[in-house]
Amino acid sequence: VLVSGHLDSWDVGQGAMDDGGGAFISWEALSLVRDLGLRPKRTLRLVLWTAEEQGGIGASQYYQLHKVNISNYSLVMESDSGTFLPTGLQFTGSDKARAIMEEVMRLLQPLNVTQVFSDGEGTDINFWIQAGVPVLSEIEMQELPRCQSVRSVAVMIRRLLGIAETKLRNSHQATLTASVLISILTGGASLRDELYKYFAFHHSHGDTMTVMDPKQMNVAAAVWAVVSYVVADMEEMLPRS
């Protein structure tokens, strides 16, 4: 299972949203798994792409070097749509794989991040789509819940652990232990109640660190970590299209 974001950015702003946030939550997903001492059945691999803004040059090179092992890739994930509070994930793959992903996303019901949308894509992962490998990309919600505090998110993750253990008993460890996720999410402050629009900052001078909300990024990283780990720890690979 490959998780990814791209390191390069447009020539204005700081590239914090596009795509520093995506690179960060992909790094954090693997960091959480390692810190918890978990070892899924399959490899979790992080790739930070270069030259995405120039047409996915780094991703193209990676694909050419690794396509010989394409049968080993169960899922390819890229976060390149901002790291605001997510409402679900975009997926491209077979109907059977989609049904599995819908079950995986149900584990995130306590966070209200359950939707599986169509047309998962990304400049860096389109090569894999064309080869029939299932892919996920992140989709963000525009408005934050008015009553959801950071501490309430932590409580939801505690519940998530119990739900996952019940539904995925065929895994060595059904999903991430909640302790580290809780520790990064507990704080007492409320999530900001603002309307975010990705393209208000995309490729502009406004794409700076001031756009990023650390608490929203923590939720995005938690979702990214849980989904990638659960898929990597399944008995079987996701069915191909």
Side-chain angles (χ1 to χ4, degrees), residues 1-34 40 42-84 86 89-93 97 101 117-140 198-209 211-212 217 220-221 223-229 231-232 237-238 240-241:
V1 174
L2 186 153
V3 296
S4 68
H6 67 86
L7 283 177
D8 64 306
S9 62
W10 207 243
D11 58 353
V12 295
Q14 297 175 336
M17 181 192 72
D18 182 21
D19 184 32
F24 170 81
I25 69 165
S26 296
W27 180 287
E28 183 71 355
L30 269 67
S31 295
L32 287 169
V33 172
R34 178 167 180 167
R42 292 180 175 80
T43 299
L44 272 172
R45 175 175 293 178
L46 166 68
V47 179
L48 301 178
W49 312 108
T50 58
E52 187 272 351
E53 303 291 4
Q54 287 73 42
I57 296 171
S60 176
Q61 179 72 0
Y62 179 90
Y63 179 75
Q64 293 304 319
L65 290 172
H66 293 273
K67 64 182 180 180
V68 66
N69 296 316
I70 198 168
S71 62
N72 294 332
Y73 287 78
S74 182
L75 180 67
V76 175
M77 303 165 60
E78 180 174 34
S79 176
D80 189 19
S81 299
T83 47
F84 307 126
L89 299 174
Q90 290 177 279
F91 178 75
T92 295
M101 290 311 306
F117 299 91
S118 300
D119 303 320
E121 57 85 32
T123 299
D124 298 306
I125 60 176
N126 284 338
F127 305 100
W128 302 91
I129 295 174
Q130 295 166 12
V133 178
V135 304
L136 272 180
S137 55
E138 194 167 11
I139 187 166
E140 312 300 334
Y198 177 73
F199 286 103
F201 305 103
H202 180 251
H203 290 185
S204 76
H205 290 282
D207 186 3
T208 67
M209 288 299 293
V211 176
M212 312 306 291
M217 290 182 68
V223 170
W224 216 230
V226 168
V227 172
S228 61
Y229 176 80
V231 173
M237 293 177 63
L238 290 177
R240 297 287 176 90
S241 55

Are any side-chain N or O atoms of D207 and backbone N or O atoms of G13, one a donor and one an acceptor, separated by less than 3.5 Å? no
Check: M209 main-chain N/O paired with Q14 side-chain donor or acceptor under 3.5 Å: yes
I'd like to know if the side chain of S60 and the backbone of G56 have a donor-acceptor N/O pair within less than 3.5 Å. no
Quick one: does L30's side chain get under 4.5 Å of V33's, heavy atoms only? no
Just wondering, do L238 and M101 contact through their side chains at under 4.5 Å, heavy atoms? yes
Distance-minimising heavy-atom pair for A59 and W49: CA-CE3, 3.5 Å
Working note: I70 + Y63, criterion side chain to side chain contact (heavy atoms under 4.5 Å, CB included); need CA distance, chi angles, decisive distance, verdict. CA-CA 9 Å; I70 198 168; Y63 179 75; 4.0 Å; yes
Contact between V3 and W27 at the side-chain level, heavy atoms closer than 4.5 Å - yes or no? no
Does the side chain of K67 reach to within under 4.5 Å of the side chain of W128, using non-hydrogen atoms? no
Taking T92 for its side chain and G120 for its backbone only, find out whether a donor-acceptor pair lies under 3.5 Å. yes
CE-CZ distance between M212 and F201, expressed to the nearest 0.5 angstrom: 10.5 Å
Where the side chain of S26 meets the backbone of S4, is there a donor-acceptor pair that is under 3.5 Å apart? yes
Going by atom types alone, do H6 and D18 pair a side-chain donor with an acceptor below 3.5 Å? yes
Backbone N or O of R45 within a donor-acceptor pair of the T43 side chain at under 3.5 Å? no
How many angstroms lie between CE in M217 and OG in S79, if you round to the nearest 0.5 Å? 8.5 Å
Scan H203, H202, H205 and name whichever one has a ring-ring contact (aromatic ring centres under 6.0 Å, His included) with W10. H203
Evaluate the side-chain proximity of S137 to M77: yes if any heavy-atom separation is below 4.5 Å, no if none is. no
Is the side chain of D80 donor-acceptor paired with the backbone N or O of D19 at a distance under 3.5 Å, no angle test? no
Where do G58 and A51 come nearest, in terms of heavy atoms and distance? N-CB, 4.2 Å
Can you tell if the side chain of L75 reaches within under 4.5 Å of the side chain of V133, non-hydrogen atoms only? no
Determine whether Y73 and L2 make a side-chain contact, defined as any pair of heavy atoms from C-beta on separated by less than 4.5 Å. yes
Quick check: do E28 and W224 have side-chain heavy atoms less than 4.5 Å from each other? no
Assess the side chains of T123 and E52: does a donor N or O sit below 3.5 Å from an acceptor N or O? yes
